[in-house]
Amino acid sequence: MEFGNRNEKWKYEKDGLEIFKDLKDLAQKEFKEIDPGDVERLKWAGIYAQRPRDGHFLVRVKLPSGQVTAAQAKVLAELAEEYGKGEIQITIRQAVQIHNITLKDALDILPRLEAVGLSSVEACGDVPRTILGNPLAGIDAEELLDTRPIVEEVFRFFLGNPEFSNLPRKLKISISANPHDAGFARINDLAFVPAKLDGEAGFHAYIGGGLSAEPYLAKKLPFFIHPENVLKVAQAAATLFRDEGYREKRTHCRLKFLVDDLGIETVAAKIEAQTGELPRGGEEVTKGWNYGRFYGVHDQKQAGLVYVGLHLPNGHVQAKDLAHFAELAETFGQGRLRTTNSQNLILTDIPAEKAEELTADEIFTRYPLAPGFFTGYASSCTGNAYCNFAPIETKYRLQKLALAMEDEFPAIGLPLRINLTGCSHACAQPQLADIGLTGGRAKVGNEIVPVYTLQLGGHLGPHAAFAKKVEGKIPDNQLEACVRALIQHYLNLREAGESFHQVIARTDISVWQNLVNPYKAS
Ligand code: SF4
């Protein structure tokens, strides 16, 4: 039998979900003795081989819409302390990762997750991934409706569902009713956004978005989707992807390529053929983009309660600090926290009169409530700390750059988002950044050094657009000077309240190319 790629062969030989039966045996083996197909199938258990490939893995835990209780957070902290060098990472899909575990560790970790209602099942692999959502769902004063029950329904339907455990690639779903595009709709395979029809609250949907080396903004489907129809549409889209998606070259297997080839009318017809006729029309209520940031103390929709959003530098939190946040959530609130897709944390349900006492805790000096306009809005991927693809270190490099810009431009007054991604897989979403950097290595003079390509002015929300590329590679030792020149020019041109991406949108890219040219490697 011919297969389009080796992953298809592995999936045909044994379904990814079968890996749970093999886990105990695999844990007894040296890494080099494990069949590569099984290393791949481990992703269905949320277990991913990390760099260097020496028998250490990360375990990814799904948190639909970023919801986590204090009791669950404490268990995550305990597991990270015992097995993960005391550190936890929040991902750009609101999931949580513990690195440096072995398969023997996983035998203890997975049941302990399950015991508190957490799951790593299908957190990785060619499956529907964790459902991204509004981290404020249920407490959001601006949300059109509470999406928690809908997220839960879709999450439970797909979780470990053998009907959908062999997709051509991953399927990323976003469900949010927040008007500031908290679900980053148009970079998902399928996204539900808030909409109204004749005064009724529901959703519009976008399909076929994604980043990586060939980014696509998702295209709008023509339907108005009542809350009770969200699962039907998600199921129909997943079925279309499973049955008609490409299964040859791995980089071409994502849903975005199928949607682009079929055209949105055909995709809509194929979805409706499964769901039955759906209403048309209505009005989307998205009115901006908040960059997925929720810093500071803000009123909830519940009178007298506030939520407290804080910044986790580099998306990392020490296990003991996560346990402390859980403690605070229990002491001051109702034992509830949320993760965000900007890799940060929110404590919810705090009585307003207790907010001052809560935020006086020493921990907020290390995890600030009002981070700087560079450091609080910068994003990096994992980089060569753990990622097998990474040619460069990213997290500390970006932190150094952001701190330098914060020193240089203390009066910027608005967020300026610099994203640094380690390679063309674009995990840090450079296409959405004000200044997007993609790392690599190249010979400059006699040395091989880190170099960066740039793109400028990306944003989501209404009129979403990817960042525009400028030519050339910037050597590491020129990066600060180059970024400084770009920001200074933005400050020279901006009118009151104008963000970096708005200035880029109204100026010719050649202006910015000319600024970058002196810093390029020759
Ligand atoms: Fe790894 Fe590349 Fe993704 Fe960074 S962008 S985490 S280097 S695959």
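Atom set for the values below is all heavy atoms of this structure, side chains included, hydrogens, waters and symmetry mates excluded.
The shortest non-hydrogen separation linking R93 to N188 is NH1-OD1, 2.8 Å. What you find for T91 and V96 is that their closest heavy atoms are CG2-N, 4.4 Å. The two residues P168 and C253 have their closest heavy-atom pair at CB-O, 3.7 Å. Closest approach of N314 and Q343 over heavy atoms only: O-NE2, 4.5 Å. Nearest heavy-atom pair, T438 versus S424, reported as atom, atom and distance to 0.1 Å: CG2-N, 4.1 Å. Between L337 and A73, the shortest heavy-atom contact is CD1-CB, 4.3 Å.
Note on E284 versus K196: no salt bridge recorded, every NZ/NE/NH1/NH2 to OD/OE distance being 4.0 Å or above. Between E480 and R397 there is a salt bridge, with a side-chain nitrogen of the basic residue lying less than 4.0 Å from a carboxylate oxygen of the acidic one. Taking 4.0 Å as the cut-off between side-chain N and carboxylate O, D189 and R169 do not count as a salt-bridged pair. The residues E142 and K287 are annotated as salt-bridged, a charged nitrogen and a carboxylate oxygen being separated by less than 4.0 angstrom.
Taking the side chain as every heavy atom from C-beta outward, I504 and K468 approach each other to under 4.5 Å. Under the 4.5 Å side-chain criterion, counting only non-hydrogen atoms from C-beta, T348 is in contact with Q300. The shortest side-chain heavy-atom distance between R366 and Q318 does not fall under the 4.5 Å cut-off. Within the 4.5 Å cutoff, the side chain of N100 has heavy atoms near those of the Y386 side chain. No side-chain heavy atom of I435 sits under 4.5 Å from any side-chain heavy atom of Y490. Using a 4.5 Å heavy-atom threshold, the side chains of L403 and F374 count as separate. Contact annotation: the side chain of V451 never approaches that of I474 to less than 4.5 Å [non-hydrogen atoms, C-beta and beyond]. You'll find the side chain of Y206 stays beyond 4.5 Å of the side chain of K219, heavy atoms only.
For residues 427-457, no pair satisfies ring pair (Phe, Tyr, Trp, His ring centres under 6.0 Å), with sequence neighbours left out.
Between the side chains of Y246 and D261, at least one donor N or O lies within less than 3.5 Å of an accepting N or O. Side chains of Q502 and S499: a donor on one and an acceptor on the other come within 3.5 Å. In this structure, a donor-acceptor pair under 3.5 Å is present between the side chains of H204 and K220.
Checking each of E143, H180, R148 against N134 for a side-chain contact (heavy atoms from CB on, under 4.5 Å) leaves exactly one that passes, namely E143.
For the atom pair S342 OG and Q94 CD, the distance stands at 9.0 Å (nearest 0.5 Å). Rounding to the nearest 0.5 Å places NZ of K469 at 6.0 Å from CD of Q455. The distance from atom NZ of K256 to atom NZ of K172, rounded to the nearest 0.5 Å, is 9.0 Å. Separating the SG atom in C482 from the CG atom in L454 is a distance of 5.0 Å, to the nearest 0.5 Å. Of the inter-residue distances, the one linking D299 atom CG with Q302 atom CD reads 10.5 Å to the nearest 0.5 angstrom. One finds the CG atom of D434 at 8.5 Å from the CG atom of N419 (value rounded to the nearest 0.5 Å).
The side-chain tip of R417 points at the ring of Y291 from less than 6.0 angstrom away and within 45° of straight on. Both tests pass for K43 against the ring of Y48: distance under 6.0 Å to the centre and angle within 45° of the axis.
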Check your understanding: Does the side-chain contact (heavy atoms from CB on, under 4.5 Å) test come out yes or no for R60 and E122, once each step is laid out?
Key -> CA-CA 9 Å; R60 185 178 294 159; E122 295 181 330; over 6 Å; no

Exercise for review: Evaluate the side-chain contact (heavy atoms from CB on, under 4.5 Å) criterion for residues I187 and Q429: first the C-alpha distance (whole Å), next the side-chain angles of each, then the deciding distance (0.1 Å), finally the verdict.
Suggested key: CA-CA 9 Å; I187 60 165; Q429 306 173 337; 3.4 Å; yes

Exercise for review: Begin from the C-alpha positions of H99 and E87 and carry the test side-chain hydrogen bond (donor to acceptor under 3.5 Å, both in side chains) through to its verdict.
Suggested key: CA-CA 8 Å; H99 289 265; E87 192 173 86; over 6 Å; no

Check your understanding: Going through the checks in order, is the side-chain contact (heavy atoms from CB on, under 4.5 Å) test met by W289 and L432?
Key -> CA-CA 11 Å; W289 188 36; L432 307 183; 4.3 Å; yes

Exercise for review: Start with the C-alpha gap between N344 and I90, add the side-chain angles, then the distance that decides, and say whether side-chain contact (heavy atoms from CB on, under 4.5 Å) holds.
Suggested key: CA-CA 7 Å; N344 293 303; I90 313 293; over 6 Å; no

Exercise for review: Would you please test F409 and F373 for ring-ring contact (aromatic ring centres under 6.0 Å, His included) and show each step?
Suggested key: CA-CA 10 Å; F409 301 104; F373 286 127; over 10 Å; no

Point to revise | Derivation and outcome, ring-ring contact (aromatic ring centres under 6.0 Å, His included), residues H489 and W512 | key: CA-CA 9 Å; H489 196 59; W512 304 90; 5.1 Å; yes

**Study point:** Stepwise side-chain hydrogen bond (donor to acceptor under 3.5 Å, both in side chains) check, N178 with S176
**Key:** CA-CA 6 Å; N178 171 283; S176 168; 5.1 Å; no

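In this structure, H425 and F389 have tilted ring planes: the angle between them lies in the 30° to 60° band. Using cut-offs of 30° and 60° for the angle between ring planes, the Y307 and F294 rings count as perpendicular.
Using modelled atom types, one side-chain atom of R186 and one backbone atom of A218 make a donor-acceptor pair closer than 3.5 Å. The backbone N or O of A195 sits nowhere less than 3.5 Å from a side-chain atom of E200 that would complete a donor-acceptor pair. Side-chain atoms of R336 never come within 3.5 Å of backbone atoms of L347 as a donor-acceptor pair (strictly under, hydrogens ignored). S120 places no side-chain N or O within 3.5 Å of a backbone atom of G46 that could act as its donor or acceptor partner. Not a single donor-acceptor pair under 3.5 Å links the side chain of R484 to the backbone N or O of M405. Checking side-chain atoms of D321 against main-chain N and O of F325 turns up no donor-acceptor pair under 3.5 Å. At least one donor-acceptor pair closer than 3.5 Å links the side chain of E393 to the backbone N or O of Y396. T69 places a side-chain N or O within 3.5 Å of a backbone atom of Q72 that can act as its donor or acceptor partner. A side-chain donor-acceptor contact under 3.5 Å links T421 to the backbone of C427.
Centroid-to-centroid, the aromatic rings of F224 and F203 stay 6.0 Å apart or farther. Less than 6.0 angstrom separates the ring centroid of F257 from the ring centroid of Y216. Ring centroid separation for the pair Y295 and H311 comes in under the 6.0 Å cut-off.
Other residues, nucleotides and ligands contribute over 12 non-hydrogen atoms within 6.0 Å of the CD atom of E498. No more than 12 heavy atoms of other residues, nucleotides or ligands sit less than 6.0 Å from atom CD of E447. The local environment of NZ in K85 is sparse, with at most 12 non-hydrogen atoms from other residues, nucleotides or ligands closer than 6.0 Å.
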